[in-house]
Amino acid sequence: MKHHVGEHKAKKGLIRIEFDEKDGIAEHVKITGDFFMHPEEAVHDLEKKLEGHKIEELESLIDEFFAMRLDVEMPYVNVEDFKIALKKALEG
């Protein structure tokens with residue numbers, strides 16, 4: 001099992017994505033940092049969406065999540081910031 005961690009400093013806030021990779025599948029996904037997201041449970045919903053999926057699907061799942069969740073507000077942080085943090089996690 002491989003552990004991945006990626007951080008990205010967005011315009012206002014740090015986004016940290018952390019997960020385990022087992023047989024190419026993301027497990028134990030945690031998204032933390034000092035960014036603001038409303039509603040707050042949206043972060044947990046995003047973690048659940050990424051959980052159990054192939055590593056190469058994660059970026060498109062992030063896009064899909066934010067395309068469907070029009071209720072999510074993230075001042076000074078955008079979808080690209082999450083994708084950059086993910087890419088950094090996959091580099092390490």
Side-chain angles (χ1 to χ4, degrees):
M1 186 178 301
K2 184 172 182 188
H3 189 69
H4 296 273
V5 179
E7 293 183 343
H8 172 62
K9 183 78 174 125
K11 187 174 178 183
K12 291 240 175 150
L14 181 77
I15 297 171
R16 178 184 172 101
I17 296 181
E18 194 169 346
F19 59 92
D20 293 323
E21 177 186 346
K22 184 177 180 191
D23 301 324
I25 304 293
E27 297 181 347
H28 313 115
V29 179
K30 289 301 294 169
I31 300 172
T32 56
D34 60 359
F35 60 92
F36 176 78
M37 185 184 283
H38 183 79
E40 288 179 25
E41 65 271 10
V43 175
H44 182 64
D45 294 343
L46 178 57
E47 291 170 345
K48 285 195 303 192
K49 182 158 184 87
L50 301 177
E51 189 90 24
H53 286 275
K54 292 180 182 173
I55 299 298
E56 54 270 10
E57 295 174 345
L58 299 182
E59 189 174 341
S60 62
L61 286 167
I62 291 172
D63 280 331
E64 188 180 298
F65 177 82
F66 287 110
M68 301 297 289
R69 289 291 301 265
L70 301 176
D71 63 319
V72 174
E73 295 176 30
M74 304 180 297
Y76 308 110
V77 177
N78 62 40
V79 179
E80 282 303 310
D81 293 319
F82 285 88
K83 289 167 39 178
I84 291 168
L86 172 66
K87 287 176 187 164
K88 288 183 177 181
L90 293 171
E91 287 169 5

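Counting from 1, the numbers follow the sequence of the chain as shown. On a predicted model such as this, the values are computed, not experimentally measured, just so you know.
Following chains of ILVMFWY side-chain contacts shorter than 4.5 Å, one can reach I55 starting from L86, so the two form part of one hydrophobic cluster. Both L61 and M37 sit in one connected hydrophobic cluster of ILVMFWY residues. Membership requires side-chain heavy atoms under 4.5 Å apart, directly or through other members. No continuous path of hydrophobic side-chain contacts links I84 to I15 [ILVMFWY only; heavy atoms under 4.5 Å]. Under a hydrophobic-cluster definition in which Ile, Leu, Val, Met, Phe, Trp and Tyr are linked whenever side-chain heavy atoms come within less than 4.5 Å, directly or via other members, I17 and L14 are assigned to different clusters.
The shortest side-chain heavy-atom distance between H53 and S60 does not fall under the 4.5 Å cut-off. Residues I25 and K54 meet the side-chain proximity criterion, which asks for heavy atoms closer than 4.5 Å.
Considering K2, H28, K30 in turn, H28 is the only one that fulfils the side chain to side chain donor-acceptor pair (under 3.5 Å) rule with D20. Tested against K87, the residues E59, E56, E7 include a single salt bridge (charged side-chain N to carboxylate O under 4.0 Å, His left out) partner, E59.
The number of heavy-atom neighbours closer than 6.0 Å to CE of M1, taken from other residues, nucleotides and ligands shown, is above 12. Atom NZ of K9 is surrounded by more than 12 heavy atoms from other residues, nucleotides or ligands within 6.0 Å.
Centroid-to-centroid, the aromatic rings of F66 and F82 come within less than 6.0 Å.
Scanning all heavy atoms of the two residues, the minimum distance from I62 to K83 falls at CG2-CG, 4.0 Å. Taking both residues in full, the closest heavy atoms of V72 and A42 are given as CG2-CB, 3.8 Å, listed atom of the first, atom of the second, then distance. The shortest heavy-atom contact between A26 and L58 is CB-CD1, 4.0 Å.
Here H38 contributes atom NE2 and D71 contributes atom CG; the two are 8.0 Å apart, rounded to the nearest 0.5 Å. Summarising the geometry, atom NZ belonging to K49 is positioned 14.0 Å from atom CD belonging to E47; distances are rounded to the nearest 0.5 Å.
In terms of modelled atom types and a separation under 3.5 Å, the side chain of E51 and the main chain of V29 share a donor-acceptor contact. With hydrogens and angles disregarded, no donor-acceptor distance shorter than 3.5 Å links the side chain of H4 to the backbone of F19. Without hydrogens or angle criteria, N78 side chain to E80 main chain gives a donor-acceptor distance under 3.5 Å.
Residues D81 and K11 are not paired through a salt bridge, judged by the lack of any N-O separation under 4.0 Å between the basic side chain and the carboxylate.
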